[in-house]
Amino acid sequence: MENKKMTIALFSGSIDKLTGAAVILGGAAADDMDVDVFVLLQGARAFKKEIAGDPAKLEMAENPHLKGEFLESLDRLKVMPWMDFFREAKELANVKIYVCGLAGKVWGGEEVSDFVDLVDDIVGIGEVITSMEESDVHLFI
């Protein structure tokens with residue numbers, strides 16, 4: 001039986017939505033789904049090497065005044081940072097992470113090496129649409 005496929009269009013670069021996407025990605029990988037993650041616009045900024053590992057450089061999309069409480073709760077609950085969820089998912093299943101070419105350029109990233117080592121390639125929007133057409137599940141976060 002062929003694995004189910006999920007496509008995530010990760011538009012947001014906020015710590016709360018990145019964390020939510022990471023938890024969903026981890027669940028899909030644990031369920032042995034093939035997952036394509038397309039990092040779009042604000043999401044591309046979050047995957048830049050100089051941004052990704054520093055929660056202070058990421059905002060909250062929902063209730064920004066609660067960022068400190070959110071991060072403290074994640075720490076208290078021993079929830080992995082979002083990047084660790086992404087890394088673990090790539091180790092568990094067939095997970096590919098792509099940065100949209102335009103989004104990368106918006107944030108000064110034109111080469112795969114401008115982004116964290118989890119990024120597989122830089123692609124155009126056509127690949128996003130094709131992946132969504134071929135997926136059993138597609139999410140826009």
Side-chain angles (χ1 to χ4, degrees), residues 2-141:
E2 200 172 299
N3 287 4
K4 287 196 173 200
K5 181 178 177 185
M6 175 185 284
T7 298
I8 300 174
L10 184 53
F11 170 84
S12 179
S14 66
I15 190 79
D16 49 339
K17 292 189 178 189
L18 288 164
T19 301
V23 171
I24 292 168
L25 175 61
D31 201 25
D32 203 29
M33 291 183 83
D34 295 333
V35 184
D36 288 341
V37 179
F38 292 93
V39 184
L40 312 172
L41 296 176
Q42 293 288 336
R45 179 181 177 274
F47 278 79
K48 292 282 306 264
K49 284 181 178 176
E50 64 271 16
I51 304 289
D54 188 354
K57 293 182 178 178
L58 300 173
E59 300 300 322
M60 289 266 291
E62 305 291 330
N63 302 306
H65 62 286
L66 298 177
K67 181 180 176 183
E69 184 179 339
F70 177 74
L71 293 174
E72 288 171 13
S73 291
L74 293 179
D75 188 50
R76 179 176 42 79
L77 296 168
K78 297 181 180 8
V79 175
M80 292 188 297
W82 67 273
M83 286 291 295
D84 292 349
F85 271 105
F86 276 78
R87 191 169 308 286
E88 189 174 272
K90 283 189 71 118
E91 292 171 5
L92 282 175
N94 181 25
V95 174
K96 300 291 183 197
I97 300 174
Y98 305 102
V99 171
C100 171
L102 174 61
K105 289 176 186 175
V106 165
W107 301 109
E110 297 194 28
E111 305 289 329
V112 172
S113 61
D114 294 326
F115 299 93
V116 294
D117 64 343
L118 297 172
V119 173
D120 293 291
D121 203 358
I122 296 175
V123 300
I125 198 66
E127 284 86 345
V128 178
I129 294 166
T130 298
S131 181
M132 287 184 167
E133 289 174 339
E134 296 171 350
S135 289
D136 300 293
V137 178
H138 42 85
L139 305 173
F140 186 85
I141 301 172

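The closest side-chain heavy-atom distance from V128 to D36 is not below 4.5 Å. By the 4.5 Å heavy-atom criterion applied to side chains, V37 and L25 are counted as neighbours. A 4.5 Å side-chain heavy-atom check between V79 and F85 finds at least one atom pair inside the cut-off.
To the nearest 0.5 Å, atom CD1 of residue I8 and atom OG of residue S135 are 9.5 Å apart. The OG1 atom of T19 sits 10.5 Å away from atom CE of M80, with the distance rounded to the nearest 0.5 Å. Note: I15 CD1 to E59 CD = 10.0 Å, rounded to the nearest 0.5 Å. Within the model, atoms CD of E72 and CG of L77 stand 11.5 Å from one another, a figure rounded to the nearest 0.5 Å.
Here the closest non-hydrogen pair linking V39 and A103 is O-CB, 4.3 Å. The nearest pair of heavy atoms linking I122 to G101 is CG2-CA, 3.5 Å. Across all non-hydrogen atoms, the minimal contact from A21 to I141 is CB-CD1, 3.8 Å. Considering all non-hydrogen atoms of both residues, A93 and D32 come closest at CB-OD1, 4.4 Å. Counting all heavy atoms, side chain and backbone alike, L18 lies closest to G13 at CD1-O, 3.5 Å. In plain terms, the two heavy atoms of G108 and D114 that are nearest each other are O-OD2, 4.0 Å.
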With a cut-off of 3.5 Å and sequence neighbours excluded, list every side-chain donor-acceptor pair involving residues 41-48.
from: R45; atom 1: NH1; to: K57; atom 2: O; distance (Å): 3.0
from: R45; atom 1: NH2; to: K57; atom 2: O; distance (Å): 3.3
from: K48; atom 1: NZ; to: E50; atom 2: OE2; distance (Å): 3.3
from: K48; atom 1: NZ; to: W107; atom 2: O; distance (Å): 2.8

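K67 is linked by a side chain to side chain contact (heavy atoms under 4.5 Å, CB included) to M60, L71, counting only residues two or more places apart in sequence or in another chain. Annotation: side chain to side chain contact (heavy atoms under 4.5 Å, CB included) contacts of K105 (sequence neighbours excluded): E110. The salt bridge (charged side-chain N to carboxylate O under 4.0 Å, His left out) test applied to E134 returns K5, not counting sequence neighbours. Taking A61 as the reference, S14, D16, K17 meet the side chain to side chain contact (heavy atoms under 4.5 Å, CB included) condition, with sequence neighbours excluded. Scanning for ring-ring contact (aromatic ring centres under 6.0 Å, His included) contacts around F115 gives an empty result, with sequence neighbours left out. Listed by chain and residue number, F38 satisfy the ring-ring contact (aromatic ring centres under 6.0 Å, His included) test with Y98 (two or more places apart in sequence, or in another chain). Judged as a ring-ring contact (aromatic ring centres under 6.0 Å, His included), and not counting sequence neighbours, the contacts of F11 are F140. Take V137 and apply the side chain to side chain contact (heavy atoms under 4.5 Å, CB included) test, not counting sequence neighbours, and it matches M6, M33, L139.
For D54 (side chain) and A56 (main-chain N/O), a donor-acceptor pair under 3.5 Å exists by modelled atom type.
I129 pairs in a side chain to side chain contact (heavy atoms under 4.5 Å, CB included) with only one of the listed residues (E133, E127, M132), which is E133.
Applying the side-chain hydrogen bond (donor to acceptor under 3.5 Å, both in side chains) test to residues at least two apart or on different chains, the pairs with a partner in residues 76-91 are S73-R76, R87-D117, K90-D120.
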